[in-house]
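Each ligand, and each atom within it, is numbered from 1 in the order the structure gives.
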Amino acid sequence: MLKKKLIINQKPTEVIANPKTPLVNVLREQLLLTGTKIGCGQGQCGCCSVLMDGKVVRSCVTKMDKVSDMADITTIEGIAHEDGPHPLQSSWMKHGAAQCGYCSPGFIVSAKGLLDQNDNPSREEVRDWFQKHRNACRCTGYKPIVDAVIEAAKVVRGEEAASDLEYKLPDDGVIWGGEIPRPSALAKANGTCDYGADSSLKLPPDALSLALVQAEVSHANILAIDTSEAEAMPGVQKVVTAKDVKGKNRITGLITFPDNKGDGWDRPILCEEKVFQYGDALAIVCADTRDQALAAAEKVKVELEELPAYMSAPEAMAEDAMEIHPGTPNIYYEQNLAKGEDTAPIFDNAANVIEGDFYVGRQPHMPMEPDVGFAYQDGDGKLHIHSKSIGLHLHQAMIAPGIGVELEDLIMVQSMAGGTFGYKFSPTMEALLGVACLATGKPVSLLYSYRQQMTYTGKRSPFFMKVRFASDENGKLLAMESDWSVDHGPYSEFGDLLTLRGAQFIGAGYDIPAIRGKGRTVCTNHAWGSAFRGYGAPQSEFASEVLMDELAEKLGQDPLELRYQNVYRKGSTTPTGQEPEVYSLPEMVDKLRPKYQDALKNAKENSTEDVKRGVGVSIGIYGCGLDGPDASEAWAELMPDNTVTIYSCWEDHGQGADAGVLGTAHQALRPLNLAPEQINLVMNDTSRAPNSGPAGGSRSQVMTGKAIQVACEKLLEAMAKPEGGYRSYEEMQKAGLEVKITGQWTAPATNCDENGQGSPFSVYMYGIFMAEVAVETATGKTTVEKMTLVADVGKINNKLVVDGQIYGGLAQGIGLALTEDFEDIKKHSTLMGAGLPYIKDIPDDMEIIYVETPRKDGPFGAAGVGELPLTSPHASISNAIYNACGARIKRLPARPEKVLAAMPK
Ligand code: MCN
Ligand code: FES
Ligand code: FES
């Protein structure tokens, strides 16, 4: 141990610590300064940034013996002024720079370090600073962060008043369509917002820490697990294995598709007979401290018989491949697609036929916050599980039988989440927490390292696709044929649904009268497939959007004009035979055209032998909702102080569920003339709020928004006085009227049939992406210099949120196009290894052009937005690379060596 005097946030503080303990652990665990976050724990994300003697340091890689005596340390808790937030914090709120907010303390402290040295930085200097200090953000696309620093600097210099950073309610009192900061913004910017790891530190002293014993091979039979040595280790209370699990020890995928050859009970909570993928959990060590649990986990002896591992769909589809789940074929679901006339004669006679093979891979989600959760039992014996779940009621039903609890005895609560991007549509550690809590009778917490986050949470499922288009001599599409194989890893949950997405979104956006296709879901031993923003659209649309460019080239037509000719117009139907709910694509192309022509001209003028520039476009479409008659529920209650409380489980990944509820309810309750702070939110706890469905499929603004609208309108109806005006709470009580009202909404949509035909979504989002890239001819390195998105997300609830969603999604599209992958488990298990884009990988120049076509089935005309920006930006980048240098990239990511190899000599 060492003893040090430190000045922490201007206060002399004495600490006694292990010399090898990182500073961040001392700050968080000993001093309970939990504003400083741990992301990667490896010096790669900057979430743990603090100022030490005026310099920005990453406190996760700064060991206590490297901290000098009397070091002057500033954490996020020390940034605010006595009389209120620091301008950086206010500016973060104003610019929507905190979405999930997990990176915000690190960025704000880092930015303070910059402004202390240079209070008038240029945008490029701000970007250089964050690049140098490795401050990473997965939500914002960085642009709002730079905006926030630039405006805060103006206040620091005295050119703007601090009050200029504050939100001002417009004179008409309307917040819908405006830029009110999300309710959680201040807590995120000042570091007081507790995420799962913060709450875990605040559990009672008898709470246990968990550590997993995990497989380090991808496919094996389990011969024996010996826990005796681990059980004898200091602090260990119990080592839980499959035999301790009270329930079925399985997570059910709640299979919905009748033709699925599996039964949906294929995912063990703790493996008993087989290991199906790298990282599978074999045992849980429950100990007094995390270090003790981790040390004991090393001592659990596992005897395995390794089996051949099938690490891709083609490998698992091979004739001689064994069944990964004995009794279920590796191809366990097939999806047909048949629209219109038979395509074979059309292809035989068409003036033009073009075909290609495409692959979009295993994109990792890379939230800044690694997976985390805790569980406890209350006095009534009910089991409470807190996690990053974005499908609370869904997960309750998926895990209760496996753990062995009745549904009503299982309460699921969402902690503030530091980004999920869909990986939390699947339960990750929830069942493990539940099992350990019941086995020990103690509160328990589990915190994944970043390596565990990478290797033992789901990933985007790779699609192997073959697509053909037939067109007439002018380029009018006549028919399409498609074939797609989905590598869904070993666990089937939602794999059939994902495969259906191929039928719905390959060729989406275009009026194609005849289509034939077939897709299949394949069980493999690579990382299990979980939802990832866009969910099948980024794979499907990559194929059709790159093929569209190839067709344009073959025809000698401009790629944008070929799209213009073929996009949905009145009379067109989608690949599933549905009439689109709006026809905004032609108008959107019209909006983009002049910018596109300028971009082409610029690219030409600014290309050299060494650096070639190019422009590419793509169309992006995705449905808002779960397929068919998706439903949601919300409640509205008039409170004794005449404020209104809205209850919903609109889970928050970081996208801004709180802003979504507030804006929607405020608009619906306009006749009451409430101030925003008179609307209270009760969210994301199955014991306190209704089942609003999961926050996936960009469904919440539409579905839960509608349910909120209905609840509020019904409340207004109940409050309305016959003579005009509204009853107060007291008057409602006197009149014996109900003050708590349920609102429900069901989408007017139908499930797709066995041929993939139906009207699965009542509302869609539409986008046209334009990428402007520069490719170095010597290396193949591609830089995206500008991204433009023309977006129709219907009427906008909160512009700050929607802008942020789009910038962040575009940044993930750039990552998907150029760098991100999780194919190589060893190499790709860190943020940098997996190709996370840092600020200098993302252009500061991103432009959004809105076309706000009102949607009949969205609240106040809104569609969704979350997934739109990641539907097909990567296709526009691939098309731009071709336009720049002639390298046609059909397998992502387009790493430099691949681009170089594909460049015509
Ligand atoms: N919104 C709006 N006006 C509209 C549409 C949406 O103001 N016309 C707002 C909503 O109020 C909400 C946000 O935009 O705050 C996204 O709304 P919506 O598209 O309905 O999506 P959900 O709320 O259902 O969120 C889920 C969606 C998905 S599926 C993924 S994955 C995703 C995403 O949102 N993951 C995210 N955005 C993310 N953003 C962050 N920062 N982190 C993630 O993990
Ligand atoms: Fe310290 Fe990532 S750099 S947590
Ligand atoms: Fe930056 Fe979420 S706001 S990681």
query: Strictly under 6.0 Å, is that where the ring centroids of Phe107 and Phe130 end up?
result: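 Yes, close enough.
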
Tyr423 ring center near Phe532 ring center (under 6.0 Å):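 No; Phe532 has its ring centre 6.0 Å or more from that of Tyr423.
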
Only heavy atoms of [X], strictly under 4.0 Å: list the atoms of ligand 1 that pass.
{"X": "Gly419", "answer": "44 (O)"}
{"X": "Ser700", "answer": "20 (O), 22 (P), 23 (O), 24 (O)"}
{"X": "Gly697", "answer": "29 (S)"}
{"X": "Gly422", "answer": "31 (S)"}
{"X": "Asn798", "answer": "2 (C), 7 (O)"}
{"X": "Val793", "answer": "8 (N)"}

Of all the non-hydrogen atoms in the protein, which one sits nearest to [atom], and at what distance?
{"atom": "atom 44 (O) of ligand 1", "answer": "Phe421 N, 2.6 Å"}
{"atom": "atom 13 (C) of ligand 1", "answer": "Val801 CG1, 3.7 Å"}
{"atom": "atom 11 (O) of ligand 1", "answer": "Gln701 OE1, 2.7 Å"}
{"atom": "atom 27 (C) of ligand 1", "answer": "Gly866 CA, 4.0 Å"}
{"atom": "atom 15 (O) of ligand 1", "answer": "Gly656 O, 2.7 Å"}
{"atom": "atom 2 (C) of ligand 1", "answer": "Val802 CG2, 3.2 Å"}
{"atom": "atom 41 (N) of ligand 1", "answer": "Gln99 OE1, 2.8 Å"}
{"atom": "atom 21 (O) of ligand 1", "answer": "Ser698 CA, 3.6 Å"}

Option whose closest heavy atom lies nearest to [atom], chosen from [options]:
{"atom": "atom 4 (C) of ligand 1", "options": "Ala863, Gly794, Gly864", "value": "Ala863"}
{"atom": "atom 28 (C) of ligand 1", "options": "Gln655, Arg699, His653", "value": "His653"}
{"atom": "atom 33 (C) of ligand 1", "options": "Glu651, Arg855, Gln805", "value": "Gln805"}

N-O pairing of [X] and [Y] below 4.0 Å:
{"X": "Glu651", "Y": "Arg699", "result": "no"}
{"X": "Asp792", "Y": "Arg855", "result": "yes"}
{"X": "Lys856", "Y": "Glu581", "result": "no"}
{"X": "Asp844", "Y": "Lys143", "result": "no"}
{"X": "Glu29", "Y": "Arg290", "result": "no"}
{"X": "Lys706", "Y": "Asp857", "result": "no"}
{"X": "Asp147", "Y": "Lys94", "result": "no"}

- request: Please confirm whether Lys459 makes a cation-pi placement over Phe822, using NZ or CZ under 6.0 Å from the six-membered ring centre and within 45° of the ring normal.
  value: yes

Which word best sums up how the rings of [X] and [Y] line up, parallel for under 30°, tilted for 30 to 60°, or perpendicular for over 60°?
{"X": "Tyr622", "Y": "Phe761", "value": "tilted"}
{"X": "His874", "Y": "Phe542", "value": "parallel"}
{"X": "Tyr766", "Y": "Tyr764", "value": "tilted"}

Quick one: which ligand 3 atoms are inside 4.0 Å of a heavy atom on [X]?
{"X": "Cys103", "result": "1 (Fe), 3 (S), 4 (S)"}
{"X": "Cys137", "result": "1 (Fe), 3 (S), 4 (S)"}
{"X": "Gly101", "result": "2 (Fe), 3 (S)"}
{"X": "Cys100", "result": "2 (Fe), 3 (S), 4 (S)"}
{"X": "Arg138", "result": "4 (S)"}

- prompt: If you look at every heavy atom in Thr455 and Ser829, which pair is closest and at what distance?
  reply: CG2-CB, 4.0 Å

Examine the proximity of ligand 1 to [X] and report which part, side chain or backbone, both or neither, has a heavy atom under 4.0 Å away.
{"X": "Trp650", "answer": "side chain"}
{"X": "Lys795", "answer": "backbone"}
{"X": "Asn797", "answer": "both"}
{"X": "Glu867", "answer": "side chain"}
{"X": "Val865", "answer": "both"}

field: Under 3.5 Å side-chain donor-acceptor pair for Thr62 and Lys66
entry: no

message: Looking only at the side chains, is there a donor atom on one of Thr664 and Gln701 sitting less than 3.5 Å from an acceptor on the other?
response: yes

Side chain to side chain donor-acceptor pair (under 3.5 Å) involving His395 - partner list, sequence neighbours excluded: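 If we apply the side chain to side chain donor-acceptor pair (under 3.5 Å) test to His395, skipping adjacent residues, the hits are Ser389.
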
- request: Determine, step by step, whether Gln414 and His386 satisfy the side chain to side chain contact (heavy atoms under 4.5 Å, CB included) criterion, reporting the C-alpha distance in whole Å, the side-chain angles of both residues, the deciding distance to 0.1 Å, and the verdict.
  value: CA-CA 6 Å; Gln414 193 194 26; His386 292 235; over 6 Å; no

task: Before giving the answer on side chain to side chain contact (heavy atoms under 4.5 Å, CB included), spell out for Ile38 and Asn25 the whole-Å C-alpha distance, their side-chain angles and the decisive distance to 0.1 Å.
output: CA-CA 9 Å; Ile38 302 178; Asn25 297 79; 4.3 Å; yes

- request: Anything protein N/O/S under 2.8 Å from atom 2 (Fe) of ligand 2? Just list residue and atom, please.
  value: Cys40 SG, Cys45 SG

query: Is ligand 1 less than 4.0 angstrom away from at least one heavy atom of Gly696?
result: yes

message: In this structure, does ligand 1 have an atom that sits under 4.0 Å from one of the heavy atoms of Ala659?
response: no

- prompt: Can you list the steps and then say if Arg501 with Asp627 is a salt bridge (Lys or Arg N to Asp or Glu O under 4.0 Å)?
  reply: CA-CA 10 Å; Arg501 294 287 179 263; Asp627 300 57; 2.7 Å; yes

